[in-house]
**Q** 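One structure coming up, written as structure tokens, with questions to follow.
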2 protein chains.
Amino acid sequence: MTVTLADVAARARVSPATVSRVLNGNYPVAASTRERVLRAVDELDYVLNGPASALAAATSDLVGILVNDIADPFFGIMAGAAQHAIGEGAAGRAGGEKLAVVCNTGGSPERELTYLTLLQRQRAAAVVLTGGAVEDPGHTAAMAAKLAKLANAGTRIVLCGRPPVPGDAITAALTFDNRGGGRRLTEHLLTLGHRRIGYVAGPAERTTTRHRLEGHRAAMTAAGLGGDVERLTAHGTYDRRSGYDATLELLRREPDLTAIVAANDTVALGACAALRERGLRIPQDISVAGFDDLPFSVDVVPALTTVRLPLYEAGARAGRLAMGTEVPPPRGIATIGGELMVRSSTGRPRQR
Amino acid sequence: MTVTLADVAARARVSPATVSRVLNGNYPVAASTRERVLRAVDELDYVLNGPASALAAATSDLVGILVNDIADPFFGIMAGAAQHAIGEGAAGRAGGEKLAVVCNTGGSPERELTYLTLLQRQRAAAVVLTGGAVEDPGHTAAMAAKLAKLANAGTRIVLCGRPPVPGDAITAALTFDNRGGGRRLTEHLLTLGHRRIGYVAGPAERTTTRHRLEGHRAAMTAAGLGGDVERLTAHGTYDRRSGYDATLELLRREPDLTAIVAANDTVALGACAALRERGLRIPQDISVAGFDDLPFSVDVVPALTTVRLPLYEAGARAGRLAMGTEVPPPRGIATIGGELMVRSSTGRPRQR
DNA sequence: TCAGCGATAGAAAGCGCTTGCTACGGCGAT
DNA sequence: ATCGCCGTAGCAAGCGCTTTCTATCGCTGA
């Protein structure tokens, strides 16, 4: 029925061991023999049995990339870059073909753990965790335990856009400077003269949310506006709908808002929609800023002021780290800064 | 080192066979025994060895979802929905836990084939192919051969948003009515009074591109405008940059364009940017339409007229089909229609 | 009372591959 | 000319799990 190594060996008139070695290319095989084997493989249209080889070799060529929301370009871009880097890296060395797959957790801690277990089952070669983590003590502990087990089994673990938990068995971590970016963004607004700034945050329990918010708060506090931050912050999810709803809520709490900072660009888009529906012009009546600088942000009207994160580069680097193609940064951790992109969605507040 | 089935068996004082049966739940095991085994599994923190079990059982729990561009929400939404459906479906029956993974081909035929081989290696339970296919005779033949082999090995094959090639060994196919959608969109423009309509198409060799364009052409031809279509069509990729460039090119060819139809919403966004840079107002000076109705399309200004495709529903259905949870449509093929969403980016052409 | 059956549990034979170790020529060195 | 080594190839022992076939035991029905 299915062609096996033995069939190829028989056809090439060599032992199965030799065929295996030709295929893996990690043992000297005479050129003539190799050629004969390769021809047999071709003629028989042989396809290696992954599970069998993974079982015997106690390793597999699977690399898992975990994302919170695959429909969100923020993750799509990083995952695509990582997958690309992993695919390319393989081209370099013989037999190093890796199957990079992305797993969508939907932001659920349970699913995250489930996928990790599934990858552990498959004896994955590496795992890349992208995006913010959920800050629940129970989950953090469970994750630490799981990661330790994976690392212990030889799986490389790379974080991308996710802060490392001290003690985590991590190969490398690439984290975004969400705090710094958030601070600079709000400082920009403050410099323009804004004082009543609303903040549409993401889910309260995520690290990304917290860090961006902390940056905002730091800037506000430094400007002597710390007292109002709490009241002018509304939490939601990282999607447009949430931005829309939260903006309306913020406007209810404080009708005189002159600016709104959103957790990310998608949320900012929802915020803009709500504002416009209220008859407010951007940026004449109210300024809006986002975060991430997703591809569409430069094209919307008015173009969004935001913090650009080098998502593609970070993803690609994470991919290489997962492949072991790139040396990890000192102490395994690298922080990637964001760049403030001032565009037309922010301006001076209206005099009143 | 690693805990194996035998360890669990020893601890539970039963045979490995029994442990296996408890874990797979497809053989009667006395409640007391089962409990003892489960306890041992828990105490030992045992994790099944995927490759070993796949080898022995000759099947695996991997399901591959192939997408052209993971950074594009069009694919992200479908893939997310499919992955969700597959994950949920598993919850239903015991032991049915599937690992749905998405593979990013980047639109490259070779990568598509490579991933299929890798999935074949892993003895994947099912494969979902999303998005348009490349129409190259050689590639089509190679794909057909590969799919036949996969199907032959028991892998379920589902197409989502991809037209089936007659003779393909497909389990089921969900295709979008790109032709009909394209036609209705252009008809809408025609009804508004437009006559000089530019078309920014996707890559020429993709089925999706061809079908949408055919719909456009059919509408134009029916209106007696078929002669100009060729000249007023510019091909590019499915991204914003392409929409931007192609729009400029179209304007060069025909400065008096009153409307532009884009291959999809992302491209339309790029087109809008180019138009605005040229000082043209939308829709007063020129109308713009997209396709897909991605989440951001309703939020941009002006809101985009487009054709809504039920991406989430289609992806979810594809996922269920891949799981074998849903019965395939008659003859395996179902066509999913698009809904014309008329919004503010299209209007009557200016009188001149 | 005893054959016979249903419900469970175990023994053991692989699944297809990798790899440590052994075997075997031919060659340069002594 | 002899020894030993290098370059190759084969042998065979698993890797950890599933599953068929067999064994056992407590009952039930005649």
Side-chain angles (χ1 to χ4, degrees), chain A residues 1-38 40-41 44-62 94-97 120-123 125 153-154, chain B residues 1-38 40-41 44-62 94-97 120-123 125 153-154:
Chain A
M1 188 63 215
T2 37
V3 181
T4 72
L5 232 213
D7 298 331
V8 176
R11 172 135 197 158
R13 325 191 104 261
V14 297
S15 74
T18 302
V19 177
S20 170
R21 299 203 257 245
V22 167
L23 262 23
N24 290 300
N26 48 16
Y27 191 87
V29 172
S32 63
T33 311
R34 175 199 314 289
E35 199 192 329
R36 203 141 35 85
V37 170
L38 257 16
V41 165
L44 260 28
D45 208 8
Y46 170 70
V47 174
L48 187 69
N49 182 319
S53 117
L55 171 59
T59 66
S60 90
D61 49 12
L62 247 200
E97 289 225 337
Q120 186 184 3
R121 263 202 200 355
Q122 305 299 325
R123 304 300 188 251
Chain B
M1 188 64 215
T2 36
V3 181
T4 72
L5 234 211
D7 299 331
V8 175
R11 172 134 196 158
R13 326 190 103 261
V14 296
S15 74
T18 301
V19 177
S20 170
R21 299 204 258 245
V22 167
L23 262 23
N24 290 299
N26 48 17
Y27 191 89
V29 173
S32 64
T33 311
R34 174 197 317 288
E35 199 192 331
R36 202 141 37 85
V37 170
L38 258 17
V41 165
L44 259 29
D45 209 8
Y46 169 69
V47 174
L48 186 69
N49 182 318
S53 115
L55 172 58
T59 64
S60 90
D61 49 12
L62 247 200
E97 288 226 336
Q120 186 184 2
R121 264 204 201 354
Q122 304 299 326
R123 304 300 188 253

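So that the names make sense, note that chain A is the first sequence line, chain B the second, and so on, each numbered from 1.
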**Q** Calculate, to the nearest 0.5 Å, the distance between atoms CG and CZ belonging to B/Leu23 and B/Arg34 respectively.
**A** 10.5 Å

**Q** When all nucleic acid strands are considered with a 4.0 Å heavy-atom cut-off, which category describes A/Val19: base, sugar-phosphate, or nothing?
**A** nothing

**Q** What donor-acceptor contacts under 3.5 angstrom involve side-chain atoms of residues 6-13 of chain B, with partners at least two apart or in another chain?
**A**
{"from": "B/Asp7", "atom 1": "OD2", "to": "B/Thr4", "atom 2": "N", "distance (Å)": "2.8"}
{"from": "B/Arg11", "atom 1": "NE", "to": "B/Glu43", "atom 2": "OE1", "distance (Å)": "2.8"}
{"from": "B/Arg11", "atom 1": "NH2", "to": "B/Glu43", "atom 2": "OE1", "distance (Å)": "2.9"}

**Q** Starting at CZ of B/Arg13 and ending at P of C/dG10, how long is that distance when rounded to a whole Å?
**A** 11 Å

**Q** Nearest of C/dT19, D/dG10, C/dG10 to any side-chain atom of A/Ser15?
**A**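 For A/Ser15, the side-chain atoms sit closest to D/dG10.
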
**Q** Expressed as a whole number of angstroms, how long is the span from B/Glu35:CD to C/dT8:P?
**A** 15 Å

**Q** For D/dC15 and B/Asn49 - does any side-chain N or O of the residue sit under 4.0 Å from the phosphate oxygens OP1/OP2?
**A** no

**Q** Would B/Val22 and B/Leu38 count as a side chain to side chain contact (heavy atoms under 4.5 Å, CB included) if you check the C-alpha gap in whole Å, the side-chain angles of each, and the deciding distance to 0.1 Å?
**A** CA-CA 8 Å; B/Val22 167; B/Leu38 258 17; 3.6 Å; yes

**Q** Of A/Val29 and B/Leu5, whose nearest nucleotide on DNA chain D comes first from the 5' end?
**A**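 Closest to the 5' end, via its nearest nucleotide, is A/Val29.
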
**Q** Between D/dT19 atom P and B/Leu23 atom CG, what is the distance in whole Å?
**A** 13 Å

**Q** Could you pick out which residue, B/Arg123 or B/Pro28, lies toward the 5' side of DNA chain C when each is mapped onto its nearest nucleotide?
**A** B/Pro28

**Q** Take atom CG of A/Leu48 and atom P of C/dG16, then tell me their distance rounded to the nearest Å.
**A**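 Atom-to-atom, A/Leu48 to C/dG16, this comes out as 12 Å.
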
**Q** Nearest to the A/Thr2 side chain among C/dT18, D/dT19, C/dG16, which nucleotide is it?
**A**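 Nearest to the side chain of A/Thr2 among the choices is C/dG16.
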
**Q** Quick check for you: among D/dA9, C/dT18, C/dG16, whose closest atom lies nearest to any side-chain atom of A/Ser20?
**A**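 So the side chain of A/Ser20 is nearest to C/dT18.
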
**Q** OP1 or OP2 of C/dA9 less than 4.0 angstrom from a side-chain nitrogen or oxygen of B/Thr33, does that happen here?
**A**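 For B/Thr33, the contact criterion (side-chain N or O under 4.0 Å from OP1 or OP2 of C/dA9) is met.
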
**Q** Rounded to the nearest Å, what distance is computed from the CG atom of residue A/Leu55 to the C1' atom of nucleotide D/dT18?
**A**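 A/Leu55 atom CG is separated from D/dT18 atom C1' by 12 Å.
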
**Q** If you check every side-chain atom of B/Ala17, which of C/dT18, C/dA12, D/dT8 has the closest atom?
**A**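 The listed nucleotide nearest to B/Ala17's side chain is C/dA12.
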
**Q** Could you go through the side chain to side chain contact (heavy atoms under 4.5 Å, CB included) check for B/Val47 and B/Val3 one step at a time?
**A** CA-CA 7 Å; B/Val47 174; B/Val3 181; over 6 Å; no

**Q** Does a side-chain N or O from A/Thr18 land closer than 4.0 Å to OP1 or OP2 of D/dA9, or not?
**A**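 No, because none of the side-chain N or O atoms of A/Thr18 sits under 4.0 Å from OP1 or OP2 of D/dA9.
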
**Q** Want to settle it: does A/Tyr27 or B/Arg21 sit nearer the 5' end of DNA chain C, counting the closest nucleotide to each?
**A**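 Looking at DNA chain C, the more 5' nearest nucleotide goes with B/Arg21.
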
**Q** Decide yes or no on side chain to side chain contact (heavy atoms under 4.5 Å, CB included) for A/Gln122 and B/Asp61, but give the supporting numbers first.
**A** CA-CA 10 Å; A/Gln122 305 299 325; B/Asp61 49 12; 3.4 Å; yes

**Q** Between C/dT8, D/dT19, C/dT18, which nucleotide gets closest to the side-chain atoms of A/Ser53?
**A**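 For A/Ser53, the side-chain atoms sit closest to C/dT18.
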
